[in-house]
Amino acid sequence: MLDIRYVRENIEAVSDGMRRRQMEPDLAPFVELDRRRREILFEVENKRAMRNKASEEVAQMKREGADISAITRKMRSISGEIKELESELSLVEEKLEEMMMGIPNLPHDTVPTGTTEEENLEVRVWGEKPRFDFEVKDHTTLGEELGILDFERAVKITGARFSLLKGPGALLERALINFMLDMHTGEHGYTEYLPPFMANRESFVGTGQLPKFEEDLFRVSDTDFYLVPTAEVPLTNVVREEILREEDLPLKMTAYTPCFRKEAGSYGRDVRGMIRQHQFNKVELVKITSPHTSWDELETLTRDAEEVLRRLGLSYRVVSLCTGDLGFSAAKTYDIEVWVPSEGRYREISSCSNFTDFQSRRAKIRYREKESKKVRFCHTLNGSGLAVGRTVVAILENYQRKDGTVDIPEALRGYMGGLKTIEPAG
RNA sequence: GGAGGGGUACCGAAGUCUGGCCGUAACGGGGUCGACUCGAAAUCGACUUGGCGGUGAUGAGCCGUCACGUGGGUUCGAAUCCCACCCCCUCCGCCA
């Protein structure tokens, strides 16, 4: 959510930002509602002041044993008026809130303007794409032939868009989780969390998934809980409604969680394999920073995520999302895309964003400035570090050999009991 | 699942029965600043919640208003009375 005062005084800048995102802004209703709100507020507060004063008088008169019937009769009608104004006020505020919730974050100046992912800006490329002197197999074929991936049985157990890992496949997934967590906690200074995999409505509103994107979420029936689509939700909400000390910032948190997404509206896309699943594992990075450092922190957070791919020797590139591809709550996002040989293209494996004060205003995450003692909103950032399932995909495909076996990247072998190669189960 | 107790500031806690100088809010602790001290401890003193609106320069300050778990209701007036919901704790039952 943007600052309502900022919107009030910068209608044009907000409209420009929305236009850059290919939206058609119409803020006239906002201006009118905002004006109306302050008008009612003025009136209702004046009447409340009268009531408060009268209330004191009545108490005084009663102590003196005076007759209070005249004043109470008058106050009865004032109270009625207050009640009417209050109900109108809450109606106006509800609509205003709804409108504010519908305004996306303003894209940062450095975000390229564009409509589709075609216009994302390539920032850097790392590593050599592997060259194969044989026909490459995709991860689905490789995994099934090696007996480590079983989609048929996953369908039997649950349904489409679920996967079943087995033997060295399951071990690979688990090794990656540990590898990533160890790197981020041991080398990059993040604190590890193991949060709940469900969160309540307030948490989802805090990070912006609700109310707008309910159709993407799995809701646990008979409860107010939703399955987390990313650890961003529980991690960012760790400090919801808290006032932090400036000297404690930035907070750097990491967590492994499974992620649950309905993937509504992606029917027919990536139906084969484990690229797009209803449940996948992810190690997430979250930072809570002061506004002064968040842009630097976005750069280092992205580097922290990239480092995982470098150690694994997987070729990737970093793109800066254009305004048309930028998420609702983000001011700027870098996607890290890993090379997928069977598709001959890069595929998103991490998304690193600065949400500035957009989430923290919704979630009331604030800090007290050391000098001025003023309370201000933090900036929140997050990024995948990395999506584990897609990392498995990348390893299987990039490290495949002609005979269908797959080498384990050296950095990972210590996490897999020294295993160097995945071979077909005998 | 059953029974009981509770939710007030940074923490603890009084106030609720009997509605009104009880809301920045008693009392205790913590924190910050200052005094004393070579320094520290002890002691003494002062200050320590946020939201919204107005004014002002988007500063300081000032004025008003809201918030005693949440939402309603009663009343001239609600932390206090009534209703609904949420959460926490203890005991019993069940349980990895």
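To find a chain, count down the sequence lines: A is the first, B the second, and so on, and within it residues start at 1.
The base-pairing partner of A79(B), taking Watson-Crick or G-U wobble contacts with both distances under 3.5 Å, does not exist among the strands shown. Summarising the base pairing, G39(B) is matched to no nucleotide, lacking a Watson-Crick or G-U wobble pair whose two defining distances lie under 3.5 Å. Across all strands shown, C66(B) is found opposite G50(B) as a Watson-Crick or G-U wobble partner, with both distances under 3.5 Å. Applying the Watson-Crick and G-U wobble criteria (two distances, each under 3.5 Å), U18(B) pairs with nothing in any strand. Across all strands shown, A60(B) has no partner, as no Watson-Crick or G-U wobble contact with both distances under 3.5 Å is found. With both pairing distances under 3.5 Å, A13(B) is matched to nothing as a Watson-Crick or G-U wobble pair. Using Watson-Crick or G-U wobble geometry with both donor-acceptor distances under 3.5 Å, C44(B) finds its partner in G34(B). The base-pairing partner of A3(B), taking Watson-Crick or G-U wobble contacts with both distances under 3.5 Å, is U90(B).
For Phe328(A) and Phe358(A), the gap between ring centers is short of 6.0 Å.
Counting to the nearest Å, the C1' atom of G20(B) and the NZ atom of Lys53(A) are 17 Å from each other. Regarding Asp357(A), its CG atom lies at a distance of 18 Å from the P atom of U58(B), rounded to whole Å. For the pair Arg240(A) CZ and G50(B) C1', the interatomic distance rounds to 17 Å; values are reported in whole Å. Spacing between atom CD of Glu369(A) and atom P of A60(B) amounts to 11 Å, rounded to whole angstrom units. A straight line from NZ of Lys364(A) to P of G51(B) spans 11 Å, rounded to a whole angstrom. Protein atom CD of Glu242(A) is 14 Å distant from nucleotide atom C1' of C11(B), rounded to whole Å. Regarding Glu45(A), its CD atom lies at a distance of 15 Å from the P atom of C63(B), rounded to whole Å. Rounding to whole angstrom units, CD of residue Glu241(A) and P of G7(B) are separated by 20 Å.
Taking every heavy atom of residues 92-109 of chain A and every atom of RNA chain B, no pair lies under 4.0 Å.
Arg73(A) comes within contact range of no nucleotide atom at all, as no heavy-atom separation falls under 4.0 Å. Counting non-hydrogen atoms under 4.0 angstrom, Ile71(A) reaches nothing in the nucleic acid. Residue Lys374(A) is in sugar-phosphate contact alone, with no base atom involved, counting any heavy-atom pair closer than 4.0 Å across all strands shown. Across all strands shown, Val375(A) has heavy atoms under 4.0 Å from sugar-phosphate atoms exclusively, and none from any base. Within the 4.0 angstrom heavy-atom criterion, no nucleotide atom of any strand lies near Asn46(A). Within 4.0 Å of Arg245(A), counting heavy atoms only, lies no atom of the nucleic acid at all. At the heavy-atom level, Ala49(A) lies under 4.0 Å from the strands shown only through sugar-phosphate atoms.
By the 4.0 Å N-to-carboxylate-O rule, Asp138(A) lies close enough to Arg272(A) to be salt-bridged with it. Of the charged side-chain nitrogens involved, at least one lies within less than 4.0 Å of a carboxylate oxygen, so that Glu337(A) and Arg317(A) count as a salt-bridged pair. Taking the charged nitrogens against the carboxylate oxygens, Asp16(A) and Arg21(A) have no contact shorter than 4.0 Å, which rules out a salt bridge. A salt bridge is absent between Glu81(A) and Arg51(A); no separation between the charged side-chain nitrogens and carboxylate oxygens falls under 4.0 Å.
Distances shorter than 4.0 Å separate some side-chain N or O of Asn52(A) from OP1 or OP2 on U65(B). Under 4.0 angstrom from either OP1 or OP2 of G54(B) there lies no side-chain N or O belonging to Arg37(A). Taking 4.0 angstrom as the limit, Ser372(A) places none of its side-chain polar atoms (N or O) nearer than this to OP1 or OP2 of G59(B). For Lys83(A) and U74(B), the shortest distance from a side-chain N or O to OP1 or OP2 is below 4.0 Å. Within the 4.0 Å cut-off from OP1 or OP2 of G51(B), at least one side-chain nitrogen or oxygen of Arg366(A) is found. Distances shorter than 4.0 Å separate none of the side-chain N or O atoms of Arg38(A) from OP1 or OP2 on C52(B). The phosphate of G64(B) has neither OP1 nor OP2 within less than 4.0 Å of any side-chain N or O from Arg48(A).
Nucleotides A57(B) and A14(B) place their P atoms 48 Å apart, quoted to the nearest Å. Spacing of C1' atoms, A79(B) relative to U70(B), comes out at 14 Å, to the nearest Å. Distance check on atom C1': G71(B) versus C66(B) gives 16 Å, rounded to whole Å. Across U74(B) and G93(B), the matching C1' atoms stand 40 Å from one another, rounded to whole Å. Rounded to the nearest Å, the gap between the P atom of G31(B) and that of A40(B) is 15 Å. C21(B) and A67(B) have their P atoms separated by 15 Å, given to the nearest Å. Nucleotides A25(B) and C33(B) place their P atoms 24 Å apart, quoted to the nearest Å. Nucleotides A35(B) and A13(B), compared at atom P, are 36 Å apart to the nearest Å.
If Ile243(A) and Met50(A) are placed on RNA chain B by their nearest nucleotide, the residue sitting closer to the 5' end is Ile243(A). Where Glu86(A) and Arg8(A) meet RNA chain B, the nucleotide closest to each residue was compared, and Arg8(A) sits on the side nearer the 5' end.
Within 6.0 Å of atom CD in Glu84(A), 12 or fewer heavy atoms from other residues, nucleotides or ligands are found, so the atom counts as exposed in its surroundings.
None of Phe218(A), Phe197(A), Phe204(A) except one satisfies the ring pair (Phe, Tyr, Trp, His ring centres under 6.0 Å) rule with Tyr226(A); the exception is Phe204(A). When each of Arg20(A), Gln22(A), Arg19(A) is paired with Thr113(A), the side chain to side chain donor-acceptor pair (under 3.5 Å) condition holds for Arg20(A) and for no other.
Looking at Tyr190(A) and Asp304(A), their side chains do bring a donor and an acceptor atom within 3.5 Å of each other.
Taking the side chain of Val58(A) as heavy atoms from C-beta on, and the options C76(B), G50(B), G53(B), the nearest nucleotide is C76(B). Comparing G53(B), C76(B), U58(B) by their nearest atom to the side chain of Met75(A) picks out C76(B).
Taking OG of Ser353(A) as the reference point, atom CG of Leu301(A) lies at 9.0 Å (rounded to 0.5 Å).
Side chain of Thr421(A) to backbone of Glu423(A): no donor-acceptor contact under 3.5 angstrom is found.
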